[in-house]
Number of protein chains: 2
Amino acid sequence: MTKARVTVIDIAKAAGVSKSTVSLVLQGSSLVNEGTRSKVNAVMRDLGYVYNRGAANLRQAGAKSRIVGVVVNDLTNSFFAELAVGVDMVVQSAGFVQFLSNTGESIDRQREVVASMREHGISGLIVSPARATDAADFKPLVAAGIPVVVVVRNLPGAKVSSIVSDNQAGMMSAVQHLAGLGHKRIAFLGGFPDTAVFDDRLAGYRSGVEAAGLDYHEELVIASAPSRAGGVEATGKAIALGHRPTAAVCFNDAVAFGVCDGLRARRLEPGSDFAVVGFDDVIEAQAAVPALTTVSVDPQGIGRRGAQMLLKQINAGKAEAETVTTAVRLVVRESCGASMSIKIKQDSA
Amino acid sequence: MTKARVTVIDIAKAAGVSKSTVSLVLQGSSLVNEGTRSKVNAVMRDLGYVYNRGAANLRQAGAKSRIVGVVVNDLTNSFFAELAVGVDMVVQSAGFVQFLSNTGESIDRQREVVASMREHGISGLIVSPARATDAADFKPLVAAGIPVVVVVRNLPGAKVSSIVSDNQAGMMSAVQHLAGLGHKRIAFLGGFPDTAVFDDRLAGYRSGVEAAGLDYHEELVIASAPSRAGGVEATGKAIALGHRPTAAVCFNDAVAFGVCDGLRARRLEPGSDFAVVGFDDVIEAQAAVPALTTVSVDPQGIGRRGAQMLLKQINAGKAEAETVTTAVRLVVRESCGASMSIKIKQDSA
DNA sequence: TGACATGATTGGAACGTTCCAAATATTGAA
DNA sequence: TTCAATATTTGGAACGTTCCAATCATGTCA
C-alpha cells in the first residue's frame, strides 16, 4: 500500500518542527520542550513510524548497534539452548537483540557466521567455540574494538574474557562423594583428551582420588566421544578390565546416560550394581531413570553472566580480558546409589 | 590501533579506481574487468576491509537486509530448540543471519522483540506465537511487506503463511494403534482447551475413537497444563474415574512423562499396567524408561521448511499466504505396551 | 575515416539518521 | 527597556554504501 516508509522528515513536516527536533525526542533528550515532545510522539504514533536503526547506526560511526552475536557449538544440546536463553534474557531487557547461530562444531561455519555478524555490525560477541578453534580466530574482532566473551570452553592464549565452570572442583567433589560411599575403584569415563575441558576435569578427578587416599590408576581413565554412544563404548572397556571399577565419574551427562545403557546391556543396574555420576545437569538428568547424580553447572546462569559481562564491556567501551570460573555443585540423585535407602523409605510413607 | 574503519573509498584510493568500481566488484558484477576485480580484491584483503551491510541496506531502501527474525515461545523446550536449528541451517546457507528471541509465552515480550527486530530491518519473520497472541499483531508487518511465517501454532484469521503438523491425523493414528492392542477405554489427557492445537488433537482423538468403533465419552478427556506437572494431575483424575481407562493419548510428550510419573506414584507401571502415548517425539522420548511411544513431528524439519518458505517469499517480493500441514508418524516404542514381548525376546538373544 | 556499438569506469545524488555550530525564543534582572 | 543568560530549535554536513546517467576507451563495420 503505502510504498514509501515514513521517515523522521515526514514526522517533522507533520508536526511542524525540524528533523533535528524529532531526532532529539527520539533519543529522549532533555533539551526538548515537553509540549513539542508529546506532539511529536503523537504524530509518530499516527503515522506508524518505525525507527531505522541501520541509518542511526551508520551515523554513529560503528558504535552502538545494539546487537550482540551469540554462537554456540551445538544448539540441539539442551545445555546450550539453556545458555542461549540466559543470554537472551539479559540482552533483551537491556534493549539489545541477539544474533544466534549454531555451528554444529564446524569451524568453517563458525568462521562464516562470525564474519557475517561482523558485517552486520554486532557490538559484542558471546561464543562457545567449536572444537579445535584457533585462539587467533577472534583476534581481528578484538582489534576492531569488539568485545568477545568466550563461554563454557576456554581458549587458552586468546586475549578475551571467558566464563567457564569450575570443572576441577566439580569433578573432585564427585569423586569424593563416591569414595565416601565406600567405592575404591572409580573410573573416569568419556571425553576427548585434546580439549581444555577434558584436562580440567581429569585433573579434578585425580585430585579427588588422591584426596580420598586412593591410588591413581591410569587404566581407569578411558576416553571416548563425549556422547551417549561414547559412553556405552567406554563402559565396555571398563567392564573388561581385570580389576573392575565399581563406580564411574563421567565426562558429561550424555556419556553418563550412555554408561547406564551399557551397564543395562550387561545386566548391571546403574545405581545399585554400579554407581555413575555425570557432569552438567542437563534437563533430562532429573527425569531419567534412575535420576542422574551429576554436577550441576547452571548453563542459564552462565549465559546470563556472560551477557552481563559483555554488556559491561560494551558500555565501558574498553574490553579488558577478565576471566571468571563459576561455582558448581554436586546434586545427589539416584544413579550413584547414595539415596537408595532413603528413596525406598519415602515411597512406603 | 587503526581507529578509523576502512571503507570502500579507502579501497578505491589504494587500488587506483573509483568507489563505484569497488562497489561493483563487491556485488560481483560482470561489468568489471577481470584484472581490476582481482586487484581490488587483493587490496581489500590487505587492508582488512569489512563490508558495512548497514550502509548498503540503507541505500537499498529497506529491501534486502539478509536478516530473518525468529521468535519462539519456549526455547528451553528442546522441541523449539530443534526448530531453531532447522531454521538456522537453511537461513545460514542462504547467506542470511537470524535474530533469535525467546518470549517464554509472554505476549509483551513478543511484542517488544518483534518491534525491535523490525527496527533492525528484518526481511522476514518466523514465529511460533506465544499463547493468546492476537492474530492482528502481525498485521503491520505484512502491511509493510515483510513476509511472516507462523509455525507450530496457527493463528486463525491472520493472513500469513503457516506450517503446522497434522495434529488430527497424528492423534487419530495413536488412538487406532491403542485400540488395535485391545484397549476399549482410552483417555485424552492434558492441554489447555482454548488453543487451536488442542482442538485439532482432540478432534483427531474423537475420529480415532469412532473409527475404531468405540464410543466417545466426555469424561475421558481431561484437560490440564501441557506440562509434566499437568500430566500427573490429569492422571489422578483419570484413575479416580468410576470406570477406569486402561490407556491414554497425551496432549504432548511433557504431559506423557507426567502421566508416567503419576502412574508410578500409584504403583502402576506405564507400558505394562497402563498404556501411554505422547505427541511431539522430543529428544528425551526415546531415552526415557520406558521409551515413549509418541507421534513424531520432526521440529527440525518444520524449521527447515518454514525457513525455505520464508526465503521464497522474501525473494519473490510478494508474500501470498500459503499454509501447509506436515505429515507426522507414530513411532511405537515401549510405553504403549506393544513391544513388550518383542523386547524381551531381543534381550535374551 | 567516421559512426556506432560495446566494454569499463566514474562522479554525484540519494538512503535515514545524528551531530555540530549557530540561530532563535524566552526569561530574569538591572 | 535592554542585556545577558538560559531554554529550545534548526539547517547543513557527515556516515558508507548503491544507483543512475554520463564519460571514456576500445574495437567493428561500412
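A quick note: this is a predicted structure, and the numbers were derived from the prediction, not measured. Side-chain atoms are counted along with the backbone in the values below, which use heavy atoms only and exclude waters and symmetry mates. Lettering follows sequence order; numbering is per chain, from 1.
For residues 25-50 of chain B, no pair satisfies ring-ring contact (aromatic ring centres under 6.0 Å, His included), with sequence neighbours left out. Applying the ring-ring contact (aromatic ring centres under 6.0 Å, His included) test to pairs two or more places apart or on separate chains, those with a residue in residues 73-126 of chain A are A:Phe99-A:His120, A:Phe99-B:Phe99. Annotation: side chain to side chain donor-acceptor pair (under 3.5 Å) contacts involving residues 143-155 of chain A, sequence neighbours excluded, comprise A:Glu105-A:Arg153. Sorted by first and then second residue, the salt bridge (Lys or Arg N to Asp or Glu O under 4.0 Å) pairs with a member in residues 9-35 of chain B read B:Glu34-B:Arg37; sequence neighbours excluded. For the salt bridge (Lys or Arg N to Asp or Glu O under 4.0 Å) condition, the pairs that include at least one residue of residues 122-140 of chain A, sequence neighbours left out, are A:Arg111-A:Asp137.
With rounding to whole Å, B:Ile11 atom CD1 is found 12 Å from D:dG16 atom P. Regarding A:Lys19, its NZ atom lies at a distance of 11 Å from the P atom of C:dT18, rounded to whole Å. Rounded to whole Å, the distance from CZ on A:Arg53 to C1' on C:dC15 is 18 Å. Computed from coordinates, the A:Leu26 CG to C:dT18 C1' distance equals 10 Å when rounded to whole Å. Between the CZ atom of B:Arg66 and the P atom of D:dT17 there is a distance of 17 Å, given to the nearest Å. Atom CG in B:Asn57 sits roughly 15 Å away from atom C1' in C:dA14 (whole-Å rounding). In this entry the distance linking NE2 of B:His120 with C1' of C:dT17 reads 14 Å, nearest Å. Rounded to an integer number of Å, the gap from CD1 of A:Ile9 to P of D:dG11 is 11 Å.
Shortest non-hydrogen contact noted between B:Val164 and B:Val152 is CG1-O, 3.6 Å. Summarising the geometry of B:Asn73 relative to B:Thr103, their closest heavy-atom pair is CA-OG1, 3.2 Å, with the distance given to 0.1 Å. Scanning all heavy atoms of the two residues, the minimum distance from B:Ala135 to B:Leu155 falls at CA-CG, 4.1 Å.
With sequence neighbours excluded, no residue forms a salt bridge (Lys or Arg N to Asp or Glu O under 4.0 Å) with A:Arg118. Checked against side chain to side chain contact (heavy atoms under 4.5 Å, CB included), A:Asn52 has the following partners two or more places apart in sequence or in another chain: A:Arg5, A:Ala55, B:Leu58.
Across all strands, B:Thr7 comes closer than 4.0 Å only to sugar-phosphate atoms, never to a base (heavy-atom distances).
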Under 3.5 Å, N/O pairs linking protein and nucleotides 7-9 of chain D:
unit_1	atom_1	unit_2	atom_2	d
D:dT9	OP1	A:Thr36	OG1	3.0
D:dT9	OP2	A:Asn33	N	3.1
D:dT9	OP2	A:Thr36	OG1	3.3

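Comparing atom distances between the B:Leu58 side chain and each of D:dG12, C:dG11, C:dC15 picks out C:dC15 as nearest. Closest approach to the B:Arg59 side chain among C:dG12, C:dC15, D:dG12 is made by C:dC15 (side chain taken as heavy atoms from C-beta onward).
Map B:Gly16 and B:Ala55 each onto its nearest nucleotide of DNA chain C; the residue landing nearer the 5' end is B:Gly16.
Comparing the axis of the opening five pairs of the helix from C:dT1-D:dA30 to C:dA30-D:dT1 with that of the closing five pairs yields an angle of 60°, rounded to 10°.
Put simply, A:Gln27 has a side-chain N or O that comes within less than 4.0 Å of OP1 or OP2 on C:dC19. Between B:Gln60 and C:dA14, a side-chain N or O to OP1/OP2 separation shorter than 4.0 Å is absent.
For DNA chain C, the residues of residues 42-52 of chain A within the heavy-atom distance limit of 4.0 Å (strictly under) are A:Tyr49, A:Tyr51, A:Asn52, sorted by number.
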For residues 21-28 of chain A, tabulate all N or O donor-acceptor pairs below 3.5 Å that involve a side-chain atom, not counting sequence neighbours.
unit_1	atom_1	unit_2	atom_2	d
A:Thr21	OG1	A:Ser18	OG	3.3
A:Ser23	OG	A:Gln27	OE1	3.2

May I have the list of side-chain donor-acceptor pairs in residues 299-309 of chain B shorter than 3.5 Å, sequence neighbours left out?
none

